[in-house]
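What you see is a predicted model, and the numbers here were worked out from it, not measured in a lab. These values consider heavy atoms only, across backbone and side chains, with no hydrogens, waters or symmetry-generated copies. Every chain is numbered from 1 and lettered A, B, ... according to where its sequence line falls, protein lines coming before strand lines.
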Amino acid sequence: MKLSGEASERAQMAGYDFAAIEKKWQEYWEKNQTFLQPNPGESKFSDGPKFYVLDMFPYPSGAGLHVGHPEGYTATDIIARYKRMRGFNVLHPMGYDAFGLPAEQYAVEHGVHPAVTTQKNIANIERQIKMFGFSYDWSRRVSTTDPEYYRWTQWIFLQMFNSWYDGQADAARPIDELIEDLHSGDLLIDQAGNAVPAKEGDDERAGQSDEPSELPPGCARFDQLDQADQKKLLSDIVRRLESRQLYLTLDGRPVPRPGDDVAASITGMQGGYISFSELSQTEQKQAIEDIKAMLEDGQLVIAPTGQFVDVRSTGGAAPTAMRKFSDLAEKEQRQIIDNHRLAYMAEVPVNWCPKLGTVLANEEVTNEGRSDRGDHPVFRRALNQWMLRITAYSERLLDDLSLVDWPEPIKLMQRNWIGRSEGAEVDFRLADGSDVIRVFTTRPDTLFGATYMVLAPEHPLVDRITTSEQRREVVAYVGAARNKSDMERTADTKEKTGVFTGAYAINPVNEKPIPIWVADYVLTGYGTGAIMAVPAHDTRDFEFANKFNLPIIQVVKPPDGVDWRGFVGDGIAVNSGQFDGLATDEFIRQITVWLEERGIGQGQVNYKLRDWLFSRQRYWGEPFPIIHCDKCGTVGLPEKALPVLLPEMADFTPASSDDPGAPPRPPLGKAADWLNTKCPCCGGPAKRELNTMPQWAGSCWYYLRYLDPENEKCFCDATAEEYWMGKDGADLYVGGAEHAVLHLLYSRFWHKVLFDLGHVSTPEPFGKLFNQGMIRSFAYRDKRGVYIGYGDIDFRDDGAYHKTTGEKLSESVEKMSKGLKNVVNPDDIIAQYGADTFRLYEMFMGPLDASKPWNTRDISGVHRFLQRVWRMIVGDEDQKPLLSQAADPAVEKELHKLIKKASEDIEAMKFNTAIAAMMEFINAVYRAGAIDRGQAERFVLVLGPFAPHVAEELWHVLGNTDSLAYEDWPRFNPAMVAESAVELPVQINGKLRSRINVPVSADQEEIVKAALDDPKIAAALEGKQIVKKIVVPGKMVNIVVK
RNA sequence: GCGAGGGUGGCGGAAUUGGCAGACGCGCCAGACUUAGGAUCUGGUCCUGAAAGGAUGGGGGUUCGAGUCCCCCCCCUCGCACCA
């Protein structure tokens, strides 16, 4: 056997020295910039198809990587390396999502600046990532905490601040265009403060003040009251304004307002409300004067309950009064515009954690209603916060799921999260005629079965309609509900609670009075915060009615044999007047029209999705590019003022408190030099926004910055964006399913905003998504249930035993966590076996999308495989290489089969079976005892994406001088793969009896003849009658006998 | 409770459209080479058995033929959780 000089020299050396090989090739790749991928237009760029393969952005935690992270990274790296060999330009970047609460909390606790901690963590995680030999283009690395990165995060925020959602165009548009349309009169302002297209006849109405209409039945005019009652009423109104039971509309009318943002946005009111307490003292005085005037001129009248009633909103008819924008005061104009922005401020109920001094996202709050970090109590509280109008995109976020190739469960989770439901809104008059209750229902066909109504405890009508006899009970119930967190309210889901208000409403389909209750099983945030209860056909209403002895009337006839009580499915209408006999879906169609004709209801679509609470009272996040000016209001900074840098601070600790009512004091408030600035509009003194953005912000668009990370003029150059994003966005996005909803939904939302505004060219960011499964590991417990670390365990024959006590331990598969003492550190594994073995093991464990247990004991299998590969080509002290001059035809055939299988499996992300095929090939070579150089080279190329270091080394041993990274992927010859003869199983009545060898070309008759001639078959058929002969070509023969 | 996914040897897992169940690896057994073997190479390894049989969570069905399709039940994982 003859080998090249280098190879024979190596053949003398000891075995597979992975540590040296891996160090050598990682240095080679870095020095030669092997994986630098130029952009179109750059000098070294060569034309070709593109492939953008993306990993989910890691958060550089202090704990570093665990063995779960590199699973996805290895998969994408195999794909990236494979696609390069297939001639693609491959974009394969990595970066860090480095803002966020953990780094800041650590920094606070240890007295180090979060930037320092973050830097250290990034250095560590990057060291770890580089150990695996991934082929990232490190020149594209980004970090969200880098001012040159967050400058563009701020820029995108400004894009949202400076645009609004145009329902007509069904797209975001620049806010300037809204202002233009408002000034020109193409858009008018409706009563809720929404900009709506002007229609025929609006012009006459617009700008007119409403004539005080006739007194509603039972009501009195203000001037009919005596002075004492007048005074009492006025002070009562003021009290309710101050306690936020009442708000002011933009034109100064006092209105009750549903408890939060959602009700407002869902019922079509875009938050056009002013909280009385936010007005200055003079403004408050003026507001009270205005209300007094409205009372005096009869716009507000007095209902029998003693409450005031706005005659304009009585009767439930949709308000039609339109106003011209140009008629409004400047302040009101500004408010209307601000309330249309995609990024807007609103007072919303939030998770407030006084100990951490910040609001928290729902996912940062545990099921027990405590903070994820630090386990501090969290309270529900209304605060004025930045919001992003993701709800405007509900329908598109839903529809465009059809454009992407994502796992069906992820799409389903997104659909559920958006939570679209179709139904109708129906108005129920109060029995005293003083107002209406609007409800949302998906089953308007069950209206005849509505025997009572329920208001959420926060519903604004509760206070107004409660009778004096019931007041004490209702006040107590509402108070108790308010003090409970959402968690507590839903925790005891078994028992329904509620109280009767004493008031009645009229069921509009049959004019029957039905009682109105208050109960916390009705949520403020969904629909209108009020329901019609149909106990016969709704499980919750059924439970409630049973508990409180409310009437239950059947209106749907279920299929035969099914009890109608509590039947929630579709059926045939009964007890429903003229609608009797209709099937559910037809009934819904007809009654919706019926309701619309009478002006008491209309078809309506509801979403569970809420607008995105976008501010945090923390230091370690992106500052908002926003200035607050007394004169000009909330002002977005001009682009040239970006980035707004985080101020250097000695004390970035947020104000911590045990008092849930204490005002939020964001840490940025302590940076006096920084927060006082000049208004970019008027040049007067102004203050900066003190909140920072939440952690999700930076990760919403990082995949775009990778495309052009150094660009100083733009978040991303259009040419680069168009080339890399192509038609469908990123070609492959791999990450854990824990980001199924939030990250992926938020990114899609930002992307769509950028798309609407013309900054990106695809409607969706991630064309294909793949979720890797979770890697868990074995955890061991002793009798007491105490977890025992691997170091204290003696593993022998039949189980795990405690090293010192000798006690047998129980084994279970768990998520890796410190507490369970089952964390496996990749550094240790790599030190012992090398990165190539690690990569191979993670891919060999099972299907990429399955969750599977880590078992260090199993690693030796793949490690042995690499040693066999090494010895096959290089040999070691004990064994000569199998490399020979003569090609073995059997090996050649196996090689073609391997190339075919590996190619198909990589494309399908079935890496475990691709590796199994490589093992089979090596086993075949050892059996044959020889492999020639050409065969060895092709094998090494196939191995390359999986175990790149050893593959590169062997590539060199075989006499090549360049990296194999851009070598052509080997091809297979289909003729070589095809077998000339096949062994077919022969069954009798489906039971395997024998096997026959036939040529592939054999036809059915020949196959049957061969089967019948087989001695075992012939014997088995003796005395039987053949009924049927079944031949599946290439698969099997089955003979059916009697 | 609702929705989704899954249950195959001692273990991780293979198995186009229904077509030889258990590829590949771990572990285990045997042999070879060895001063040695926790190295390496080769062979064996679902269960029971003499043969015949029996096996893919349990039960039923469709089919010449079912891990795969249909119905019922049990268990596990994930998501949502009073969403009207």
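- In the set A4(B), C41(B), G10(B), C41(B) carries the atom at the smallest distance from any side-chain atom of R868(A).
- Among the duplex regions that RNA chain B forms, those built from at least three successive Watson-Crick or G-U pairs under 3.5 Å are B:1-7 with B:74-80, B:10-12 with B:24-26, B:27-32 with B:40-45, B:57-61 with B:69-73, ordered by first number.
- Here G57(B) is in the anti range [glycosidic angle more than 90° from 0].
- Electrostatic pairing of E920(A) and R927(A) does not count as a salt bridge here, judged by no charged N lying under 4.0 Å from a carboxylate O.
- For the residue pair N606(A) / S421(A), no side-chain donor-acceptor distance below 3.5 Å is found, with atom types taken as modelled.
- The residues K900(A) and E904(A) are annotated as salt-bridged, a charged nitrogen and a carboxylate oxygen being separated by less than 4.0 angstrom.
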Show each protein N/O and nucleotides 22-24 of chain B N/O combination with a separation under 3.5 Å, one pair to a line.
unit_1: A23(B); atom_1: O2'; unit_2: E920(A); atom_2: OE1; d: 3.3

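- Atom CD of E395(A) is separated from atom CG of L609(A) by 11.5 Å, given to the nearest 0.5 angstrom.
- Looking at heavy-atom distances under 4.0 Å, R995(A) makes contact with a base.
- Panel note: side chain R565(A), backbone I552(A); no donor-acceptor pair is recorded below 3.5 Å.
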Contacts under 3.5 Å, N or O only, protein and nucleotides 48-55 of chain B:
unit_1: G53(B); atom_1: OP1; unit_2: R993(A); atom_2: NH1; d: 3.1
unit_1: G53(B); atom_1: OP1; unit_2: R993(A); atom_2: NH2; d: 3.3

Listing time: all N or O pairs from protein to nucleotides 67-74 of chain B that are below 3.5 Å?
none

Please write out the pairs of protein N or O atoms and N or O atoms of nucleotides 60-64 of chain B separated by less than 3.5 Å, giving the distance to one decimal.
unit_1: C64(B); atom_1: O2'; unit_2: N1038(A); atom_2: ND2; d: 3.4
unit_1: C64(B); atom_1: O2; unit_2: N1038(A); atom_2: ND2; d: 2.3

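- Look at R864(A) and you'll find a side-chain N or O under 4.0 angstrom from OP1 or OP2 of C26(B).
- Between Y16(A) and T837(A), the side chains place no donor N or O within less than 3.5 Å of an acceptor N or O (distance only, hydrogens not considered).
- Summarising the local packing, NZ of K893(A) is surrounded by more than 12 heavy atoms from other residues, nucleotides or ligands at distances under 6.0 Å.
- Taking atom C1' on both nucleotides, A30(B) is separated from U8(B) by 28 Å, rounded to a whole Å.
- Every residue two or more places apart in sequence or in another chain that forms a ring pair (Phe, Tyr, Trp, His ring centres under 6.0 Å) with Y833(A) is listed here: H863(A).
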